[in-house]
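Below, chains carry the letters A, B, ... as their sequence lines are ordered, and counting in each starts from 1.
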There are 2 protein chains.
Amino acid sequence: MLQVKPQPHSGPAGSDPDAGLSIAEAARRTGVSVHTLRYYERAGLVVTPVGRTAGGRRRYHQFDLQWIVVCTKLRATGMPIKTIRCYAELISAGHGNEQERLALLEAHRADVSAKLAEVQENLRLIDHKIDVYRGRLAAGDADQLWAPPISE
Amino acid sequence: MLQVKPQPHSGPAGSDPDAGLSIAEAARRTGVSVHTLRYYERAGLVVTPVGRTAGGRRRYHQFDLQWIVVCTKLRATGMPIKTIRCYAELISAGHGNEQERLALLEAHRADVSAKLAEVQENLRLIDHKIDVYRGRLAAGDADQLWAPPISE
DNA sequence: GCTTGACCTGGAGCATGCTCTAAATCCTAT
DNA sequence: ATAGGATTTAGAGCATGCTCCAGGTCAAGC
């Protein structure tokens with residue numbers, strides 16, 4: 001859903017393609033607020049430190065944007081910040097821990113699957129209630145719906 | 001998943017079936033902690049006030065347990081406490097607002113559906129990453145995996 | 001009566017994930 | 001040179017949903 005749009009060569013905030021993007025541009029392109037971008041960085045959700053200008057401003061490059069998008073997707077499936085940091089640290093540590101990365105992803109996949117199944121299961125109850133309400137309302141006898149006991 | 005088990009006639013905390021259950025028993029049967037039961041009550045997640053003994057202890061009856069289970073299912077699909085309170089108030093208000101109840105449930109259903117689709121979509125990315133890691137690890141060339149740029 | 005454990009209330013505490021503020025600094029345009 | 005807006009930082013604030021604590025009450029068994 002979120003895609004890092006290719007830079008149209010001369011966009012706002014710097015036309016030099018190698019200079020990197022301002023935080024505002026990065027936010028716009030990733031769909032994440034600037035606040036959140038800084039928060040993620042503080043929280044350790046980085047694989048490589050984001051570049052800085054001489055004056056200390058962040059400069060986002062293609063790789064940074066791609067990583068941020070990955071973070072949003074992991075977040076969207078409910079992966080906690082801590083776990084994403086863990087994953088980032090593994091990638092950051094370089095080659096040799098691919099088994100661990102895989103294990104982390106598989107564990108998360110299992111969590112998401114379980115959660116998905118649970119939600120779908122409970123959604124059925126809601127659907128059932130909706131059906132019942134629709135039916136009763138159409139039939140004009142909504143009085144028969146589940147209601148609290150008169151007075152115990 | 002959570003079911004209100006039928007009372008086996010002489011259980012703990014009172015054998016008179018009409019006397020109602022202690023909060024501990026209600027917690028056990030609904031799978032919710034006693035803390036949470038009290039919290040839900042304070043938060044307005046009640047359709048009818050839970051009964052009390054002369055001494056002020058809560059007594060849970062069949063209807064209370066059923067309602068709590070409904071609450072857990074709504075929560076499990078991500079319905080916020082506030083919305084459940086809203087729903088509880090509608091039921092509590094009695095007949096005549098069935099359209100509103102239906103609208104609330106339909107709105108929630110739409111939210112859940114959208115969320116479900118989003119999670120499933122993003123889960124695909126994770127699955128893809130898992131596939132790639134598995135393949136590379138099996139092939140013994142994990143070096144080729146996504147890694148941070150060497151130094152910008 | 002007395003002990004013991006369950007229960008009561010109001011309120012504090014905690015985990016998570018942002019979201020915002022203040023004061024200072026940077027940079028660009030005029 | 002300077003005004004204005006964008007950005008920086010550390011830290012506070014907020015929303016949600018529990019979770020727990022202190023100090024007191026209730027009730028059942030001995």
Practice task
Examine dC26(D): is either OP1 or OP2 under 4.0 Å from a nitrogen or oxygen in the side chain of Thr53(B)? Give yes or no.
Solution key: no

Contacts under 3.5 angstrom, residues 83-91 of chain A side chains, donor-acceptor by atom type, not counting sequence neighbours:
{"unit_1": "Arg85(A)", "atom_1": "NH1", "unit_2": "Ala43(A)", "atom_2": "O", "d": "3.3"}

Residues at least two apart in sequence or cross-chain that pass salt bridge (Lys or Arg N to Asp or Glu O under 4.0 Å) with Glu100(B), listed by chain then number, are none

Close N/O contacts between protein and nucleotides 15-18 of chain D (under 3.5 Å):
{"unit_1": "dT16(D)", "atom_1": "OP2", "unit_2": "Lys82(B)", "atom_2": "NZ", "d": "3.4"}
{"unit_1": "dG17(D)", "atom_1": "OP1", "unit_2": "Arg75(B)", "atom_2": "NH1", "d": "3.4"}
{"unit_1": "dG17(D)", "atom_1": "OP2", "unit_2": "Ile81(B)", "atom_2": "N", "d": "3.4"}
{"unit_1": "dC18(D)", "atom_1": "OP2", "unit_2": "Tyr40(B)", "atom_2": "OH", "d": "3.1"}
{"unit_1": "dC18(D)", "atom_1": "OP2", "unit_2": "Arg75(B)", "atom_2": "NE", "d": "2.7"}
{"unit_1": "dC18(D)", "atom_1": "OP2", "unit_2": "Arg75(B)", "atom_2": "NH2", "d": "3.3"}

Arg52(A) CZ to dT8(D) C1', in whole Å, measures 8 Å

*asked:* With a 4.5 Å cut-off on side-chain heavy-atom distances among I, L, V, M, F, W and Y, is there a chain of contacts connecting Val112(A) to Ile81(A)?
replied: yes

Scanning both residues in full, the closest heavy-atom pair of Leu123(A) with Leu116(B) reads CD2-CD2, 4.0 Å

Using a cutoff of under 3.5 Å, can you pull out all pairs of nitrogen or oxygen atoms linking the protein to nucleotides 11-13 of chain D, with atom names and distances?
{"unit_1": "dG11(D)", "atom_1": "N7", "unit_2": "Arg42(A)", "atom_2": "NH1", "d": "3.1"}
{"unit_1": "dG11(D)", "atom_1": "O6", "unit_2": "Arg42(A)", "atom_2": "NH2", "d": "3.1"}

For Arg101(B), the side chain to side chain donor-acceptor pair (under 3.5 Å) test, sequence neighbours excluded, returns Tyr133(A), Asn97(B)

Contacts of Gln99(A) meeting side chain to side chain donor-acceptor pair (under 3.5 Å) (sequence neighbours excluded), chain-then-number -> none

Salt bridge (Lys or Arg N to Asp or Glu O under 4.0 Å) filter on Arg57(A), not counting sequence neighbours, yields none

For Thr53(A), the side chain to side chain donor-acceptor pair (under 3.5 Å) test, sequence neighbours excluded, returns none

Notebook entry, point to check: Looking at Arg59(A), does any N or O in its side chain come under 4.0 Å of the phosphate oxygens OP1/OP2 on dT7(D)?
Noted result: no

With sequence neighbours left out, the residues meeting salt bridge (Lys or Arg N to Asp or Glu O under 4.0 Å) with Asp111(A) are none

Could you list the protein-to-nucleotides 21-24 of chain D atom pairs, N/O on both sides, closer than 3.5 Å?
none

Whole-Å distance, Arg58(B) CZ to dA6(C) C1', equals 13 Å

Check: Does Leu45(B) offer a backbone N or O that forms a donor-acceptor pair with the side chain of Trp67(B) under 3.5 Å?
Finding: yes

Those residues at least two apart in sequence (or on a different chain) that pass side chain to side chain donor-acceptor pair (under 3.5 Å) with Arg124(A) are Glu121(A)

Rounded to whole Å, the OH-C1' distance (Tyr60(B) to dC8(C)) equals 12 Å

Atom CZ of Arg28(B) and atom P of dC7(C) are separated, to the nearest Å, by 12 Å

- Query: Is any side-chain heavy atom of Pro49(B) closer than 4.5 Å to a side-chain heavy atom of Glu41(B)?
  - Reply: no

Under 3.5 Å between N/O atoms: give me all the protein pairs with nucleotides 28-30 of chain C, atom names plus distance.
none

Presence of salt bridge, Arg134(A) and Glu106(B), under 4.0 angstrom:
yes

Here the distance between atom C1' of dT19(D) and atom CG of Leu37(B), to the nearest Å, is 13 Å

In whole angstroms, the gap separating C1' of dT9(C) from CD of Glu41(B) amounts to 12 Å

